[in-house]
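The structure appears below as structure tokens.
Lettering of chains follows the sequences in order, A, B, ..., and the numbering in each one begins at 1. From a predicted model like this one, the values you see are computed outputs, not experimental measurements.
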2 protein chains.
Amino acid sequence: MNIGEAAQGSGVTAKMIRYYESIGLLPGVKRNQNGYRAYDAQDVHRLRFVRRARDFGFSMDQIETLLGLWAQKRPSQEVKALALAHVRELDEKIEHLTELRNTLKHLASCCHGDARPECPILEDLSGRKA
Amino acid sequence: MNIGEAAQGSGVTAKMIRYYESIGLLPGVKRNQNGYRAYDAQDVHRLRFVRRARDFGFSMDQIETLLGLWAQKRPSQEVKALALAHVRELDEKIEHLTELRNTLKHLASCCHGDARPECPILEDLSGRKA
DNA sequence: GATAGACCTTCCCATCATGGTAAGGTCAAG
DNA sequence: CTTGACCTTACCATGATGGGAAGGTCTATC
């Protein structure tokens, strides 16, 4: 299977497949006589794994670790720890964004929203309170 | 006031001040005879404005607009609309991250977390369900 | 007045994941 | 044999930021 088919089958663009290979995230695959990369079902499976992990927001480093754990059939302990660490990261991001959102929404609710030039949002941004 | 002092007074690094100037977000400031950029209190005020807006997660484009509205003392209507649009963006991001987090946490809770190689997290990532 | 150290200038490079493009080789169908 | 779709490598761009080099300037101290 050529790279295009592998890309379509995995949802990872050919461009990114080559990139992942170049940074060592994925092993180099066999080449045909013409130099084309040759993928098999197992390779596509691994690509889909990476794709899913990216969708989950795992970092490339984390994905590298997950791939290793997956390939080596290592204890689920480590995987669980990694997943929970990522959950904590997500929690932090969510909390941060929620704070921003609430502050901004509060400012907006204080804003007349009419044609008057006074605007609590701009006043806050300009540092009157900061 | 030189760029270093402006940086310290605004919380924007000298590097970024020059960058903002280079992309046209900030106007070029006067130069001293020696070529050094010369900032006044108003400039620092604007820098602090940008800094706050970045902290709020506004994009550079949005900040450009906000700066314009601020400078021109335009109706608060537009500012409010911009802020509410950003609130919606934040809501979407938060929702997306929360979904990820919940899925991941669910998978982790299904994971034995012991030494067994079976791991629902890896199984999900590998696409068994997808 | 010389020297040191802190500051400024511009310019270039690197990040990270991704996309685009160009120049050239290969293959399959008509 | 040509056409078009595919592959290869290699380079450039993104956006916000940091790092650093090479060189000019200012200030304080000796």
Side-chain angles (χ1 to χ4, degrees), chain A residues 1-40 43-44 46-67 86 89 93 96-97 100, chain B residues 1-40 43-44 46-67 86 89 93 96-97 100:
Chain A
M1 176 187 336
N2 285 342
I3 198 171
E5 201 179 338
Q8 211 157 17
S10 65
V12 181
T13 63
K15 201 86 181 175
M16 292 315 297
I17 295 176
R18 293 195 197 97
Y19 172 70
Y20 290 154
E21 181 185 321
S22 81
I23 63 171
L25 180 70
L26 297 175
V29 293
K30 278 178 300 187
R31 301 296 186 110
N32 291 326
Q33 282 181 328
N34 55 21
Y36 289 12
R37 290 172 179 81
Y39 296 89
D40 60 22
D43 294 321
V44 174
R46 183 163 35 215
L47 283 169
R48 248 184 295 133
F49 183 100
V50 172
R51 174 87 209 296
R52 290 276 295 159
R54 288 296 295 142
D55 288 347
F56 267 115
F58 281 103
S59 72
M60 301 303 284
D61 275 359
Q62 289 173 320
I63 292 176
E64 196 164 1
T65 306
L66 285 172
L67 273 175
H86 189 43
E89 282 171 29
K93 266 189 205 166
H96 180 61
L97 290 179
L100 290 183
Chain B
M1 171 185 344
N2 286 341
I3 198 171
E5 202 179 336
Q8 210 156 19
S10 65
V12 181
T13 62
K15 203 89 182 174
M16 291 317 295
I17 296 177
R18 294 195 197 97
Y19 172 68
Y20 290 153
E21 182 184 321
S22 80
I23 63 171
L25 181 69
L26 297 175
V29 293
K30 279 177 301 189
R31 301 295 187 112
N32 291 326
Q33 284 181 326
N34 54 21
Y36 290 12
R37 289 171 180 81
Y39 296 89
D40 61 22
D43 294 322
V44 174
R46 183 163 34 216
L47 283 170
R48 247 184 295 133
F49 183 100
V50 173
R51 174 86 209 296
R52 290 276 295 161
R54 288 296 294 143
D55 288 348
F56 267 114
F58 281 103
S59 72
M60 302 302 283
D61 274 0
Q62 289 172 320
I63 292 176
E64 197 163 0
T65 305
L66 285 172
L67 273 175
H86 189 43
E89 281 171 29
K93 266 188 206 171
H96 180 62
L97 289 180
L100 290 183

Exercise for the section: Determine: side-chain N/O of Arg37(A) to OP1/OP2 of dT8(D), distance under 4.0 Å, yes or no. Expected result: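 Yes, because at least one side-chain N or O of Arg37(A) sits under 4.0 Å from OP1 or OP2 of dT8(D).
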Atom [atom1] of [X] to atom [atom2] of [N]: distance rounded to whole Å?
| X | N | atom1 | atom2 | answer |
| --- | --- | --- | --- | --- |
| Phe56(A) | dA17(C) | CZ | C1' | 20 Å |
| Gln33(B) | dT9(C) | CD | P | 15 Å |
| Leu25(A) | dA17(C) | CG | P | 9 Å |
| Met1(B) | dC8(C) | CE | P | 12 Å |
| Ile3(B) | dC26(D) | CD1 | P | 16 Å |
| Asn2(B) | dT25(D) | CG | P | 14 Å |
| Glu64(A) | dA17(C) | CD | P | 11 Å |
| Ile17(B) | dC8(C) | CD1 | C1' | 13 Å |

Looking at every heavy atom in both [X] and [Y], which two are closest together, and how far apart are they?
| X | Y | answer |
| --- | --- | --- |
| Leu67(A) | Leu25(A) | CD1-O, 3.8 Å |
| Val29(B) | Tyr39(B) | CG1-CE2, 3.7 Å |
| Arg46(B) | Pro27(B) | NH2-CG, 3.9 Å |

Are [X] and [Y] close enough that some pair of their side-chain heavy atoms sits under 4.5 Å apart?
| X | Y | answer |
| --- | --- | --- |
| Arg37(B) | Ile17(B) | no |
| Leu26(A) | Leu47(A) | yes |
| Lys93(B) | Lys93(A) | no |
| Leu66(A) | Phe49(A) | yes |

Handout entry: Reading 5' to 3' through nucleotides 12-23 of chain D, protein heavy-atom contacts under 4.0 Å coded B for base, S for sugar-phosphate only, - for none
Key = ----BBBBB---
Check nucleotides 24-26 of chain C against the protein and report each pair of N or O atoms closer than 3.5 Å, with its distance, or say if there are none.
residue : atom : partner  : partner atom : Å
dG25(C) : N2   : Tyr36(A) : OH           : 2.7
dT26(C) : O4'  : Tyr36(A) : OH           : 3.3

Problem - CZ on Arg54(A) to OG on Ser59(A), rounded to 0.5 Å - result: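 Answer for the OG-CZ pair, Ser59(A) versus Arg54(A), is 8.0 Å.
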Practice task
May I ask you to say what Arg18(B) touches in the nucleic acid, namely base, sugar-phosphate or nothing, with a heavy-atom cut-off under 4.0 Å?
Solution key: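 Since a base atom lies under 4.0 Å of Arg18(B), the category is base.
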Handout entry: From CA spacing to verdict: side chain to side chain contact (heavy atoms under 4.5 Å, CB included), Arg51(A), Asp55(A)
Key = CA-CA 6 Å; Arg51(A) 174 87 209 296; Asp55(A) 288 347; 3.7 Å; yes
